[in-house]
Engineer: 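To start, I am sharing the structure in question, which I have written as structure tokens.
Being a predicted model, the structure only gives us computed values, none of them experimental. Throughout, a chain's letter reflects where its sequence line sits, starting with A, and its residues are numbered from 1.
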Amino acid sequence: MSRPVSAPRGTRDLLPKDGPAWSRVEEIARDLSSRYGFDRIETPLFERIELFSRGLGESSDAVEKEMFRVSGAAGGVEEQSEWALRPEPTVGIVRAYLEHGMHVLPGPQRLWMIGPMFRYDRPQAGRFRQFVQWDVEVIGDPGPMVDAEIIELGHRFYAEAGVTDVIAYVNSIGDATCRPGYRAALIEYFGAHEARLTDDSRRRLRVNPLRVLDGKDLDPELAAGAPRSADHLCDACRAHFAAVQALLDDLGVRYEVDNRIVRGLDYYTRTTFEFFVAGRRGQQQALGGGGRYDGLVELLGGSSTPGIGFGIGIDRTVLAAAEQGVTLTAGTPLIAVVGADTDALAFRLKVAAILREEGLRVRVDGSSRKLGRQLESAAKLGARFAVLVDPLLADGIVILRDLEASEQREIRLDEVPGAITM
RNA sequence: GUGGCCUUAGCUCAACCGGCAGAGCAUCGGAUUGUGGAUCCGAAGGUUACGGGUUCGACCCCCGUAGGCCACCCCA
């Protein structure tokens with residue numbers, strides 16, 4: 001064997017053994033998107049760099065140090081253009097919303113998408129340079145009900161994927177009216193204690209004071225005494241946040257208010273939230289997160305339009321389910337067609353074709369090995385049933401063997417689908 | 001982007017002080033005289049991550065590179 005080329009750093013291959021769990025989780029996401037009344041949208045994996053720097057904010061980590069840049073070359077000629085692979089889905093979706101005049105469509109736009117995102121940061125367990133997110137966005141709905149609705153949707157998703165003990169940490173970071181006041185309060189407070197801040201926090205205090213709060217390096221005593229966003233909300237934001245909490249209470253959704261949830265992107269306003277498995281908070285293993293972005297549409301050139309959404313990590317959901325011992329499966333049981341007559345390959349293939357036509361999942365053994373070996377292979381491949389064809393049996397009759405129960409019976413071929421779907 | 005630990009067969013790991021690279025599992029073939037998971041026999045699988053240095057001789061010591069893990073930063 002020659003030296004294999006390895007996958008790029010921070011990426012990995014989805015292997016056959018991982019397939020069923022991934023398929024199942026994606027299936028749940030698609031199904032819930034539909035049940036909650038979302039419509040599918042698909043945007044490019046790359047966009048103009050300025051879309052991200054404008055939408056996410058120059059000082060955000062995603063733009064400042066995690067941008068995955070690609071340059072265009074056609075026929076060996078460099079086009080004088082550079083793009084960035086999308087680090088998150090929202091700005092691309094808002095761009096499409098504006099570009100296609102979707103604001104004239106009836107009702108708030110409820111959109112969903114599943115696809116890879118790219119961030120050029122240092123790989124770690126559960127963190128990759130390419131990862132897959134399920135994303136939902138509601139554009140044009142200002143009310144608190146939709147905030148509660150999508151947080152509940154997130155919980156429902158984890159529940160159906162078998163991940164238990166999920167908790168949403170929620171916060172409100174205010175809007176254009178009250179955020180400046182809160183910002184000023186933070187600058188004043190941390191400015192007065194600048195000696196106790198790390199270099200990094202000091203830098204953030206200048207470019208984005210809110211983000212000083214979620215630094216792990218922050219002196220706990222200092223954090224405890226810091227101004228709380230909830231105390232600086234304007235009346236409208238305060239009422240909105242109170243309404244969101246009341247709705248979550250009524251729904252019985254598990255959540256906790258945490259004023260350190262400020263989110264790394266600049267576009268957020270009012271409600272912000274992150275999903276964690278309870279007790280796993282310290283490990284930077286958020287399962288998902290999102291929030292309201294009432295200023296983003298306008299920032300990208302549209303009229304003032306509210307929005308809210310979340311991104312949920314498919315990778316981390318699969319991982320969390322596995323860690324909790326959940327086995328996720330997708331698809332129907334596998335059937336192996338084997339033959340006692342080692343020469344009658346045409347017969348085996350025909351039987352397989354008939355079963356496949358009925359929608360069954362079938363592998364057919366084309367070897368001339370004896371029956372025992374064929375059954376052994378079938379079992380190793382994970383087949384639940386084996387269909388034995390033998391010219392000595394009457395026309396249209398096969399043997400259906402249950403490989404788990406080690407039971408078998410003669411059966412008419414056309415009765416096989418009914419017999420195995422029970 | 002910063003720091004620490006690590007890298008030997010597909011997987012999990014051995015190999016004494018620097019002296020001929022091995023085992024288990026998995027895979028494939030055969031046997032157990034025409035129905036699977038057991039058992040037995042056999043085969044295949046290696047540039048010891050890659051490149052350089054020291055040495056009579058390097059999986060082992062030194063330097064570099066790449067990749068993985070962990071802690072930061074930040075998130076999914």
Engineer: Check step by step if side chain to side chain contact (heavy atoms under 4.5 Å, CB included) holds for A:Phe273 and A:Tyr255.
Structural biologist: CA-CA 9 Å; A:Phe273 56 91; A:Tyr255 76 97; over 6 Å; no
Engineer: Between B:C63 and B:U54, how many Å separate the two C1' atoms, rounded to a whole number?
Structural biologist: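 Approximately 11 Å lies between the C1' atom of B:C63 and that of B:U54.
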Engineer: Rounded to whole angstrom units, what separation is found between the CZ atom of A:Phe385 and the P atom of B:G37?
Structural biologist: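 Value for this atom pair: 19 Å.
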Engineer: Tell me which nucleotide, if any, is Watson-Crick or G-U wobble paired with B:A23 when both distances must be under 3.5 Å.
Structural biologist: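 Partner of B:A23: B:U12.
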Engineer: Show the numbers, then the answer: is there a salt bridge (Lys or Arg N to Asp or Glu O under 4.0 Å) between A:Glu82 and A:Arg69?
Structural biologist: CA-CA 7 Å; A:Glu82 261 208 328; A:Arg69 290 162 186 266; 3.5 Å; yes
Engineer: According to the Watson-Crick and G-U wobble definitions, with both distances under 3.5 Å, which nucleotide is paired to B:G42?
Structural biologist: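 Result: B:C28.
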Engineer: Indicate, with a heavy-atom threshold strictly under 4.0 Å, whether A:Asp61 touches base, sugar-phosphate, or nothing.
Structural biologist: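 Here A:Asp61 touches the backbone only, sparing every base.
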Engineer: Ignoring backbone atoms, establish whether A:Gln285 has a side-chain N or O less than 4.0 Å from OP1 or OP2 of B:A76.
Structural biologist: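 Answer no for this pair, as no side-chain N or O of A:Gln285 is under 4.0 Å from OP1 or OP2.
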Engineer: For atom P, what is the distance between B:C41 and B:C25, given to the nearest Å?
Structural biologist: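 After rounding to an integer number of Å, I get 11 Å for this pair.
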Engineer: Which of these nucleotides, B:A76, B:C69, B:U32, is closest to any side-chain atom of A:Pro123?
Structural biologist: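 Selected nucleotide: B:C69.
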Engineer: Nearest-nucleotide wise, let me know which of A:Arg122 and A:Leu265 is further upstream toward the 5' end of RNA chain B.
Structural biologist: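 The residue whose closest nucleotide sits nearer the 5' end is A:Arg122.
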Engineer: Quickly work out the A:Phe68 CZ to B:G1 P distance and round it to whole Å.
Structural biologist: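 From A:Phe68 CZ to B:G1 P: 12 Å.
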Engineer: Evaluate the side chain to side chain contact (heavy atoms under 4.5 Å, CB included) criterion for residues A:Arg270 and A:Ile173: first the C-alpha distance (whole Å), next the side-chain angles of each, then the deciding distance (0.1 Å), finally the verdict.
Structural biologist: CA-CA 5 Å; A:Arg270 292 192 169 172; A:Ile173 58 171; over 6 Å; no
Engineer: Expressed as a whole number of angstroms, how long is the span from A:Arg384:CZ to B:G37:P?
Structural biologist: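 Interatomic distance, CZ of A:Arg384 to P of B:G37: 18 Å.
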Engineer: Sticking with atom C1', work out how far B:A44 lies from B:C28, rounded to a whole angstrom.
Structural biologist: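 Comparing C1' positions in B:A44 and B:C28 gives a spacing of 7 Å.
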Engineer: Take atom C1' in B:U47 and the same atom in B:G42, then report the distance between them in whole Å.
Structural biologist: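 Pairwise C1' distance, B:U47 against B:G42, rounds to 28 Å.
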Engineer: Roughly, in whole Å, what's the span from NZ in A:Lys17 to C1' in B:A26?
Structural biologist: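 Checked: the NZ to C1' distance equals 14 Å.
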Engineer: Categorize A:Ala378 for me: base, sugar-phosphate, or nothing, with a 4.0 angstrom heavy-atom threshold over every strand shown.
Structural biologist: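 The answer is nothing, as A:Ala378 stays clear of every strand by at least 4.0 Å.
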Engineer: Measuring only the P atom in each nucleotide, how far is B:U48 from B:C60? A whole number of Å is fine.
Structural biologist: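 After rounding to an integer number of Å, I get 10 Å for this pair.
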Engineer: Closest nucleotide of RNA chain B for A:Lys380 versus for A:Gln408: which of these residues is on the 5' side?
Structural biologist: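 Looking at RNA chain B, the more 5' nearest nucleotide goes with A:Lys380.
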Engineer: If pairing requires Watson-Crick or G-U wobble contacts with both distances under 3.5 Å, which nucleotide is the partner of B:U7?
Structural biologist: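 B:A66 is the nucleotide pairing with B:U7.
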Engineer: Under 3.5 Å, is there a donor on one side chain and an acceptor on the other for A:Glu298 and A:Thr305?
Structural biologist: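 Not at all, the side chains of A:Glu298 and A:Thr305 share no donor-acceptor pair under 3.5 Å.
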Engineer: Taking the same atom, P, in B:A21 and in B:A26, what whole-Å distance lies between them?
Structural biologist: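 It works out to 28 Å between them.
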Engineer: Taking the side chain of A:Arg127 as heavy atoms from C-beta outward, which of B:A31, B:A76, B:G29 is closest to it?
Structural biologist: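 In terms of side-chain proximity for A:Arg127, the closest of B:A31, B:A76, B:G29 is B:A76.
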Engineer: Which of the following nucleotides, B:A31, B:A76, B:G3, is nearest to the side chain of A:Arg316?
Structural biologist: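 Nearest nucleotide to the side chain: B:A76.
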Engineer: Of the candidate nucleotides B:U35, B:G68, B:G36, which contains the atom at the shortest distance from the side chain of A:Ile399?
Structural biologist: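 Nucleotide nearest to A:Ile399's side chain: B:U35.
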Engineer: Compute whether any side-chain donor of one residue and acceptor of the other, for A:Ser229 and A:Asn171, lie under 3.5 angstrom apart.
Structural biologist: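 Yes, because at least one side-chain N or O of A:Ser229 sits under 3.5 Å from a partner of the opposite role on A:Asn171.
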Engineer: Does any nucleotide pair with B:G1 by Watson-Crick or G-U wobble geometry, both distances under 3.5 Å, and what is it?
Structural biologist: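 Result: B:C72.
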Engineer: From the options B:G36, B:C70, B:U32, select the nucleotide whose nearest atom is closest to the side chain of A:Lys370.
Structural biologist: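 Nearest nucleotide to the side chain: B:U32.
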Engineer: Indicate, with a heavy-atom threshold strictly under 4.0 Å, whether A:Leu287 touches base, sugar-phosphate, or nothing.
Structural biologist: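 Answer is sugar-phosphate: A:Leu287 comes under 4.0 Å of backbone atoms only.
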Engineer: Judged by modelled atom types alone, do A:Asp147 and A:Thr271 share a side-chain donor-acceptor pair under 3.5 Å?
Structural biologist: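 A:Thr271 and A:Asp147 do have a side-chain donor-acceptor pair below 3.5 Å.
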Engineer: Nearest to the A:Leu371 side chain among B:A71, B:G34, B:G29, which nucleotide is it?
Structural biologist: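 Between B:A71, B:G34, B:G29, the one nearest the side chain of A:Leu371 would be B:G34.
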Engineer: Given atom CD of A:Glu376 and atom C1' of B:A26, what is their separation to the nearest angstrom?
Structural biologist: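 It works out to 13 Å between those atoms.
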Engineer: Would you indicate which nucleotide in B:G37, B:U35, B:A76 comes nearest to any side-chain atom of A:Ala379?
Structural biologist: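 The nucleotide sitting nearest to the side chain is B:G37.
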Engineer: For the C1' atoms, the ones on B:G67 and on B:G51, what distance do you get once it is rounded to whole angstrom?
Structural biologist: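 Rounded to whole Å, the distance is 15 Å.
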Engineer: Distance check needed: B:A71 C1' versus A:Gln124 CD, whole Å only.
Structural biologist: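 Going from A:Gln124 (CD) to B:A71 (C1'), I get 7 Å.
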Engineer: Could you please name the option among B:G37, B:C70, B:G1 that lies closest to any side-chain atom of A:Ser406?
Structural biologist: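 Shortest atom-to-atom distance from the side chain points to B:G37.
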Engineer: What nucleotide among B:A76, B:G37, B:G29 has an atom nearest to a side-chain atom of A:Arg369?
Structural biologist: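 Per side-chain heavy atoms of A:Arg369, the pick is B:G29.
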Engineer: Tell me what A:Gly10 touches on the nucleic acid: a base, only sugar-phosphate, or nothing, going by heavy atoms under 4.0 Å.
Structural biologist: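 Result for A:Gly10 = sugar-phosphate.
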Engineer: Does atom OH of A:Tyr120 have more than 12 heavy-atom neighbours from other groups under 6.0 Å away?
Structural biologist: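 No, not enclosed.
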Engineer: Check the distance between B:A66's C1' and A:Arg129's CZ and give it to me in whole angstrom.
Structural biologist: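 Result: 12 Å.
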Engineer: From B:G68, B:U35, B:G30, pick the nucleotide closest to the side chain of A:Leu375?
Structural biologist: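 Output: B:U35.
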Engineer: Rounded to the nearest angstrom, tell me the gap between atom CZ in A:Arg86 and atom C1' in B:A76.
Structural biologist: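 My rounded result for the distance is 13 Å.
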Engineer: Testing the 3.5 Å rule here: is there a donor-acceptor pair between the side chains of A:Tyr36 and A:Arg156?
Structural biologist: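 Per modelled atom types, A:Tyr36 and A:Arg156 side chains form a pair under 3.5 Å.
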Engineer: Could you measure between the two C1' atoms, the one in B:C20 and the one in B:G46, and give it in whole Å?
Structural biologist: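 The answer is 15 Å between these two C1' atoms.
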Engineer: With a 4.0 Å cut-off on heavy atoms, is A:Phe128 in touch with a base, just the backbone sugar-phosphate, or nothing at all?
Structural biologist: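 Counting heavy atoms under 4.0 Å across all strands, the contact made by A:Phe128 includes a base.
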Engineer: For B:G36, does the base pair up with any side-chain atom of A:Arg373 as donor and acceptor (N or O, under 3.5 Å, distance only)?
Structural biologist: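 No, no donor-acceptor pair under 3.5 Å.
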